[in-house]
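What follows is a single structure, written as structure tokens, with notes after it.
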Amino acid sequence: MELLIIAMLVVGAATASDTEVNRIIGGSFCLFGSRPYQVALLRNGRIYCGGSLIAPKWVLTAAHCGRWVRRISSLRVHLGDYNLPAKEDTEQIRRIHNFFMHPGYNLRPRDNDFMLLELDEPAQLNNYVNTINMTTHCPSPGTRCGRFPATMQCADVYTVSQARCQERYRGRITENMFCAGVEQGGTGTCQGDSGGPLVCNGQLQGVVSWGKSVCALPGQPGVYAKVCKAVQWVRSTIGRKCARSD
């Protein structure tokens, strides 16, 4: 079971406080075109969050990325983009037409950290831009999964039991969150990866949400929004929007 960790490389100093997870640590370059569902959200040319293409006109990302979404005119969604600084033939760029926060989103402690973005135009699906299915089955402990830097990067991590996750984060973990990482440290998400995908067994299992700002420490897994808990909301939101359009 592959846990896909994808992030755009962001270099910067970390502090000792808890913050959102944002930059892949200990990863390796992904094969070109191997993660066609990965998107990058850019504001004024700089990446601020990731996301996953779950339908030709819809992206699932983290609700806490919404602090920028209200400035829609300055935002762009990059699809099929393996190396952000370079202009690539596979690249598609879209604007955001609308956004929908999960009704149960709570900034503290980032419960239901989900947001849907409606693109202004559907993505043109091909080998480099494509959708990913959302899982309907919640993760079991020990599942091997995988997670994007100026060049897309991937890494393998492992899901952690809810009890261990609660222990690590002192009761801040809700039923809509789960942890994944590598026990010995050295691999994981960090500043810049928020909203990006955690993929297990070929399905979208998690949305990068938060963790320690000193990233990939031993025994300190990253925290992900649990996609299995949001599938019904995603489907009903998209369904209502499509019904209005008809």
Side-chain angles (χ1 to χ4, degrees), residues 1-7 9-10 12-28 49-50 52 60-65 102 104-115 134-135 137-149 153-201 203-230:
M1 296 180 210
E2 182 192 21
L3 170 58
L4 178 58
I5 300 181
I6 305 179
L9 184 59
V10 177
T15 63
S17 60
D18 288 355
T19 188
E20 62 265 31
V21 179
N22 277 310
R23 180 188 66 222
I24 292 298
I25 301 290
S28 58
C49 274
S52 303
L60 183 63
T61 185
H64 75 265
C65 295
H102 191 289
Y105 173 57
N106 186 345
L107 180 60
R108 301 293 180 192
R110 288 200 179 157
D111 199 17
N112 290 299
D113 195 6
F114 299 103
M115 179 171 62
M134 296 178 294
T135 186
H137 300 287
C138 295
S140 56
T143 301
R144 181 177 174 228
C145 304
R147 255 237 26 111
F148 143 61
Q153 291 195 357
C154 303
D156 285 348
V157 295
Y158 295 83
T159 56
V160 176
S161 72
Q162 289 297 93
R164 192 171 183 82
C165 191
Q166 287 283 9
E167 178 186 337
R168 290 290 182 248
Y169 290 101
R170 301 179 181 177
R172 296 169 58 189
I173 305 301
T174 73
E175 64 177 5
N176 303 305
M177 307 173 189
F178 72 100
C179 289
V182 175
E183 185 62 29
Q184 68 269 27
T187 301
T189 48
C190 197
Q191 288 75 26
D193 299 335
S194 286
L198 182 67
V199 176
C200 308
N201 201 24
Q203 293 188 314
L204 183 62
Q205 186 72 257
V207 172
V208 181
S209 186
W210 60 279
K212 296 288 185 179
S213 60
V214 179
C215 309
L217 291 174
Q220 299 292 342
V223 182
Y224 299 81
K226 196 181 289 185
V227 170
C228 62
K229 296 290 189 178

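A quick note: this is a predicted structure, and the numbers were derived from the prediction, not measured.
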Looking only at heavy atoms, which two atoms of [X] and [Y] are closest? And how far apart?
{"X": "Thr159", "Y": "Ser140", "value": "OG1-O, 2.6 Å"}
{"X": "Thr174", "Y": "Gln162", "value": "O-NE2, 3.7 Å"}
{"X": "Lys226", "Y": "Pro139", "value": "CG-CD, 4.1 Å"}
{"X": "Arg172", "Y": "Gln166", "value": "N-OE1, 3.6 Å"}
{"X": "Gln220", "Y": "Arg168", "value": "OE1-O, 4.3 Å"}
{"X": "Ala63", "Y": "Asn112", "value": "CB-O, 4.4 Å"}

Separation of [Y] [atom2] from [X] [atom1] (nearest 0.5 Å):
{"X": "Gln203", "Y": "Cys228", "atom1": "CD", "atom2": "SG", "result": "11.0 Å"}
{"X": "Arg110", "Y": "Asn176", "atom1": "CZ", "atom2": "CG", "result": "15.0 Å"}
{"X": "Asn201", "Y": "Thr135", "atom1": "CG", "atom2": "OG1", "result": "8.5 Å"}
{"X": "Lys229", "Y": "His102", "atom1": "NZ", "atom2": "NE2", "result": "10.5 Å"}
{"X": "His64", "Y": "Cys49", "atom1": "NE2", "atom2": "SG", "result": "5.0 Å"}
{"X": "Tyr158", "Y": "Cys200", "atom1": "OH", "atom2": "SG", "result": "11.5 Å"}

Are Tyr224 and Val208 side-chain neighbours, meaning at least one heavy-atom pair lies under 4.5 Å? yes
Tyr105 side chain reached by Asp113 side chain, heavy atoms, under 4.5 Å: yes
With sequence neighbours left out, what residues match Ser161 under side chain to side chain donor-acceptor pair (under 3.5 Å)?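 Side chain to side chain donor-acceptor pair (under 3.5 Å) list for Ser161, sorted by chain: empty.
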Evaluate the criterion side-chain contact (heavy atoms from CB on, under 4.5 Å) for residue pair Ser209 and Met177; output intermediate values, then yes/no. CA-CA 9 Å; Ser209 186; Met177 307 173 189; over 6 Å; no
Which residues share a side chain to side chain contact (heavy atoms under 4.5 Å, CB included) with Val160, sequence neighbours left out: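 Residues passing side chain to side chain contact (heavy atoms under 4.5 Å, CB included) with Val160: Arg164, Cys179, Pro221.
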